[in-house]
Amino acid sequence: MKKTGAAIAAALLCAATCAAPVNARAATANTAAAPALKVSAATRAADAKFKAIHTQEWQWRQRQKMEDDEDDVNAVSAALPKVDAATQQARLATWQDVMKKLDGVAPASLSDGERINYLVYRAQIAALIDNQRFREYEKPLNADSSFWSNMAGEARKTLRTLPEYRAYVAQLNDVPRYFGEQIVNMRAGLKRGFTPPKVTLLGRESSLLAVTDEKDLTKLVFYKPFREMPASVPAAEQEQLRAAALKAIREAVVPAHAQLLAFMRDEYIPGANQALAATSLPDGKAYYQSKITEFTTTTLSADEIHQIGLKEMAKLRAEMLEVMKQVKFDGDLPAFLHFLRTDPQFYAKTPEELLMRASHIAKRFDAKVGDYFGYLPRKRFAIIPVPPEQAPYYTSGRGGPGVYLVNTYNLPSRALYSLPALTLHESAPGHAFQMPIALEIKGRPEFRKAYISAFGEGWALYSERLGVEMGMYETPYEVFGMLSYQAWRASRLVVDTGVHAKGWTREQAQAYLRDNTALSNHEVETEVDRYISWPGQALSYYLGEMAIIEARQRAEKALGAKFDIRNFHDTVLHLGSVPLPVLQARIDAFIADGGKSPYPKDE
């Protein structure tokens with residue numbers, strides 16, 4: 001991994017200098033070890049100028065009510081986002097103006113902490129500009145998720161107060177306007193050939209049917225907050241709110257879903273692109289590179305990433321063969337993969353068994369956490385099944401603040417030997433651990449709470465590897481499950497770039513996953529469709545993990561006996577979610593500071 005890791009480190013440095021007129025590592029590497037100096041008037045002025053820029057933009061961004069993501073933990077809004085073309089163009093103009101203002105701030109003139117904020121913020125604004133420039137809003141869905149499934153996530157939030165319930169009812173009544181604007185945007189994308197590939201959309205209207213075909217409106221997810229309401233809401237108000245919610249669902253939510261369903265069936269899916277590659281879209285080569293930059297925070301090219309993937313897959317395959325020797329399997333890798341996919345011993349018999357096994361793994365981690373982490377998040381997480389309307393096309397699991405979703409659909413495709421790796425990735429110390437820590441860090445600008453895929457997914461994948469030294473894998477089969485998951489993410493580097501830059505077919509991509517991982521056929525099909533319809537996102541995982549591993553190896557070598565794994569992990573997670581160049585720079589500072597924890601001793 002060293003040679004490839006060096007290539008990524010070089011790309012990270014290039015990304016930092018290309019994204020902003022400052023070298024990220026030079027900007028922060030020696031700050032932690034330097035003695036506290038009196039801040040000059042010029043530095044205070046530069047900090048104030050930068051703060052004014054991002055504070056004004058963030059306040060404006062909050063008024064835009066842009067968050068409609070299933071991981072959003074903010075309060076319930078009375079309105080869904082405005083997504084019409086005029087609003088989108090106004091956003092583009094605003095962010096372009098912000099970038100011009102950022103060009104007027106010299107990063108070297110900022111204080112140590114503000115330099116990091118500047119790098120994070122500038123990368124964030126650059127990605128927002130690219131999304132608007134390529135009119136990403138005209139393609140608000142993929143094989144994995146959609147604006148309507150994300151919106152349904154609001155119903156799973158815990159409502160506690162009367163104003164929150166009233167806001168949620170108002171939001172339900174706003175669904176027709178929101179869906180209508182999305183349809184107009186999708187129709188514009190359809191006209192210019194900017195859609196997900198048709199093959200990845202087939203059957204995806206089933207989640208809409210789950211709403212339009214349900215006769216008992218109280219069973220719909222949108223009514224969930226009203227089934228059990230807190231005592232803090234007076235009984236009389238509860239009855240009025242329930243009636244108002246049912247009226248909104250009946251007269252606004254269901255008709256809006258019916259209109260969208262008709263549009264999907266009659267216009268969108270029949271007219272969607274036949275071609276798979278992102279490079280076949282309008283200005284496709286530049287578009288795909290923009291997604292690579294957004295999701296990896298590097299300037300690596302598709303060809304470079306493809307080669308990294310091939311090299312890493314070769315290493316992982318060798319590790320897999322070693323496990324086969326341990327279990328004394330008589331046969332080759334394809335035969336072993338067939339055995340793992342078909343032997344009943346590796347699969348749960350009921351959804352409850354799968355959920356219970358996931359819960360047990362999560363609690364086993366709790367017994368080990370103190371040896372590897374000094375700071376623990378305050379927020380706990382629940383383990384719940386993926387909602388049935390999403391499950392057939394959803395990934396095997398997903399985690400975030402307060403939740404670890406486990407997909408209990410099609411149990412013969414949910415291998416128990418992969419469950420420890422999945423749980424470490426999605427719950428703790430992965431997403432349901434890292435994200436809350438990022439939200440709990442005080443004294444940072446709000447924009448630092450935004451999720452950056454290369455960091456967050458890289459950390460979650462690193463968490464799977466960490467499970468080996470933590471003793472989380474109790475059998476060789478579970479170790480193989482971890483290796484298969486590592487290969488799953490490394491193979492994405494090959495498959496994503498193969499499909500979007502090298503002319504690979506869907507069948508070719510499926511065959512590559514099937515031949516190199518223990519994923520079930522169902523998972524292979526849903527995952528490949530996800531990569532095809534969501535260009536670049538799949539690249540973030542393995543490149544992010546490689547960056548974290550490289551940073552750790554560098555710290556271990558430099559610090560020797562002073563290296564404390566708890567301090568290293570705390571330092572990485574204390575960053576929140578940052579571009580990979582900023583992570584590397586912070587570890588330089590960690591090394592220069594003697595490997596100290598970022599937290600006060602009494603915290």
Side-chain angles (χ1 to χ4, degrees), residues 1 5 9 12 24-25 27-36 112-113 115-117 119-120 365-379 424-425 427-444 448-449 452 454-472 544-603:
M1 186 174 288
L12 294 178
R25 294 177 85 155
T28 61
N30 297 313
T31 57
D112 299 339
R115 286 189 195 126
I116 294 178
N117 289 337
L119 289 166
V120 175
F365 166 78
D366 285 351
K368 303 170 183 289
V369 64
D371 293 333
Y372 293 86
F373 299 88
Y375 182 90
L376 307 183
R378 271 62 169 172
K379 190 174 183 65
L424 293 173
H425 183 112
S427 66
H431 291 317
F433 190 93
Q434 179 265 325
M435 288 183 182
I437 288 177
L439 295 172
E440 290 169 8
I441 302 299
K442 295 179 175 62
R444 285 183 180 158
R448 288 287 300 275
K449 295 179 180 179
I452 296 175
F455 183 95
E457 299 300 345
W459 170 261
L461 187 53
Y462 168 82
S463 296
E464 296 179 26
R465 253 314 170 178
L466 185 63
V468 176
E469 60 190 276
M470 294 179 69
M472 291 295 296
E545 180 193 35
M546 290 180 75
I548 295 171
I549 290 174
E550 187 277 334
R552 175 175 167 177
Q553 290 174 340
R554 185 156 42 85
E556 288 175 328
K557 182 178 180 180
L559 294 170
K562 291 183 179 180
F563 180 82
D564 186 322
I565 189 63
R566 294 169 299 180
N567 290 351
F568 174 79
H569 288 155
D570 286 354
T571 297
V572 172
L573 293 180
H574 185 265
L575 279 169
S577 190
V578 298
L580 298 182
V582 176
L583 165 65
Q584 298 289 11
R586 180 62 184 91
I587 298 307
D588 285 343
F590 172 75
I591 293 169
D593 195 32
K596 295 179 183 177
S597 169
Y599 295 99
K601 290 184 179 180
D602 59 346
E603 188 168 347

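Between atom CD of residue Glu550 and atom CG of residue Leu583 there is a gap of 9.0 Å, rounded to the nearest 0.5 Å. Note: Phe590 CZ to Asp564 CG = 7.5 Å, rounded to the nearest 0.5 Å. To the nearest 0.5 Å, the span separating OG1 on Thr571 from CD1 on Ile591 amounts to 10.5 Å. Atom CD1 in Ile587 sits 11.5 Å away from atom CZ in Arg552 (nearest 0.5 Å). Atom-to-atom distance recorded for Leu461:CG and Ile548:CD1 is 8.5 Å, nearest 0.5 angstrom. The CD atom of Glu556 sits 10.5 Å away from the CD1 atom of Ile549 when rounded to the nearest 0.5 Å.
Side-chain contact between Arg554 and Asp588: present, with at least one pair of heavy atoms (C-beta onward) separated by less than 4.5 Å. Looking only at side-chain heavy atoms (C-beta outward), Phe373 and Leu573 come within less than 4.5 Å of each other. A 4.5 Å side-chain heavy-atom check between Leu376 and Phe433 finds at least one atom pair inside the cut-off. Here the side chains of Met435 and Lys379 are not in contact, with every heavy-atom distance at 4.5 Å or above. Between Leu424 and Leu466, every side-chain heavy-atom pair lies at or beyond the 4.5 Å cut-off.
No side-chain donor-acceptor contact under 3.5 Å links Asp570 to the backbone of Ser597. A donor-acceptor distance shorter than 3.5 angstrom exists from the side chain of Gln434 to the backbone of Gly576, with no hydrogens or angles considered. With hydrogens and angles ignored, the 3.5 Å screen pairs a side-chain donor or acceptor of His569 with a backbone N or O of Tyr372. Ser577 contributes no side-chain N or O that, together with a main-chain N or O of Phe455, makes up a donor-acceptor pair within less than 3.5 Å. Under the 3.5 Å distance criterion, the side-chain polar atoms of Trp459 are matched with a main-chain donor or acceptor of Pro429. Not a single donor-acceptor pair under 3.5 Å links the side chain of Arg448 to the backbone N or O of Val578.
Pairs engaging residues 365-375 under the salt bridge (charged side-chain N to carboxylate O under 4.0 Å, His left out) rule: Lys363-Asp366 [sequence neighbours left out].
With sequence neighbours left out, the ring-ring contact (aromatic ring centres under 6.0 Å, His included) criterion links His431 to His425.
Looking at every heavy atom in both residues, Ala551 comes nearest to Gln584 through CB-OE1, 3.6 Å. Shortest non-hydrogen contact noted between Gly595 and Asn567 is O-ND2, 3.1 Å. Closest approach of Gly374 to Arg566, counting heavy atoms only: N-CB, 4.0 Å.
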**Q.** Intermediate values then yes/no, side chain to side chain donor-acceptor pair (under 3.5 Å), Arg444 and Asn117
**A.** CA-CA 8 Å; Arg444 285 183 180 158; Asn117 289 337; 5.7 Å; no
